[in-house]
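Just so you know, ligand 1 is whichever comes first in the structure, and atom 1 is the first atom listed for that ligand.
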Amino acid sequence: MLHPLITSLSRLVLDGASLTEEQGLLLAGLDSEHTTELLFAANTITRAMGHRPFTCSITSAKSGTCSQDCTFCAQSGHYDTGSPTHPLLPLEELIERGLSMQKAGAKCYSLVTSGLRLSSAEIDRICHCAVELKSRTSLELSASLGLLSDDYADRLTRAGLTRYHHNLETARSHFPSICTTHDYDEDIGTIRLARKHGLRICSGGILGLGETWAQRVELASTLAGLSVDTVPLNFLCPIPGTPLQDSPLLSPHDALKSVALFRFMLPRASITIAGGRERVLGDYQSWLPLAGANGMMIGNYLTTQGRNLDADLRMLEQGRWI
Ligand code: SF4
């Protein structure tokens, strides 16, 4: 039998209501003996909302030397991480990578660049790539290019981009401990701008940055308020050389419980699991669909290696509904 709180709140969600932050906090406060019940209910919500398995691939189109000081990031120019750096890749290579990701089974291809924002010439190259891939593949085209302007959003949309990725990373109340070089509201502004231009929004964060359970619920609530379409969740793998290099890994229990909380708070959004799942979850990765995730980032991530692509696809197909 499910805990009465899980029963009543999942009924509310299934009836179409949105949970308040206070209700999310009540779920977060449940004792760990009720976690499997929470996962079971999260899986029920995923099925009831009709979420289908979703695979997304990213490529690091431009890497490193970022002006921002995000304390978790291998690409920040503020820390000596030894992470590879390169300028924006040539057009032919960006296109080639998209073609090979389609062949590997990805449905969505996202070009990701380091830095606060791109130059106008760099946006042009991304647009050329989008035009080319749109004519040669059935990939949904996405990008994560930092802060947008009206002009950039307009050019990207006209080139065929349909989705924009911009993580909030963590809760507003925790953000000043994570980044001091730009403001949380600039990130929110970019999400709103992308939405205004008709782009679907992919925005989530990283768990394990020293945030509290209340701050995880706060982030989920902010994303719900922005009506994001997809929530990518990463688990911190501490990078040597960054201020968070000695942070403890999340336990599999906390990682799975967090995913379930996001599913309760964002029932209509796709929840995609990205970086850190291999290290944090190990053998428990196959529990992710049970916890409410319906998508996986496949292939390799930006500065860490992903696991075998075929294994990921198999897990999504077989472990979908337990
Ligand atoms: S997360 Fe993005 S903005 Fe922050 S340091 Fe890394 S590349 Fe720069």
Among L141, T162, L161, L139, which residue satisfies the side chain to side chain contact (heavy atoms under 4.5 Å, CB included) criterion with K134?
L141
Any N/O/S atom of C179 sitting less than 2.8 Å from atom 4 (Fe) of ligand 1, backbone or side chain?
no
Relative to each other, are the rings of W287 and Y284 parallel, tilted or perpendicular (30° and 60° limits)?
perpendicular
Is R172 paired with D187 through a side-chain N to carboxylate O contact shorter than 4.0 Å?
no
Pull out every atom of ligand 1 sitting under 4.0 Å from any heavy atom of F72, numbered as shown with elements.
1 (S)
Nearest non-hydrogen protein atom to atom 4 (Fe) of ligand 1, with distance, is C70 SG, 2.3 Å
My question is simple, although I want it checked carefully: is atom 2 (Fe) of ligand 1 less than 4.0 angstrom from any protein heavy atom?
no
Same cluster or not: L266 versus L290, using hydrophobic residues (I, L, V, M, F, W, Y) connected whenever any side-chain heavy atoms lie under 4.5 Å apart?
yes
Can the ring centroids of F175 and H182 be said to lie less than 6.0 angstrom from one another?
yes
Looking only at protein heavy atoms, which one is nearest to atom 6 (Fe) of ligand 1, and what is the separation?
C73 SG, 2.3 Å
With a cut-off of 2.8 Å, does C66 put an N/O/S atom close enough to atom 8 (Fe) of ligand 1?
yes
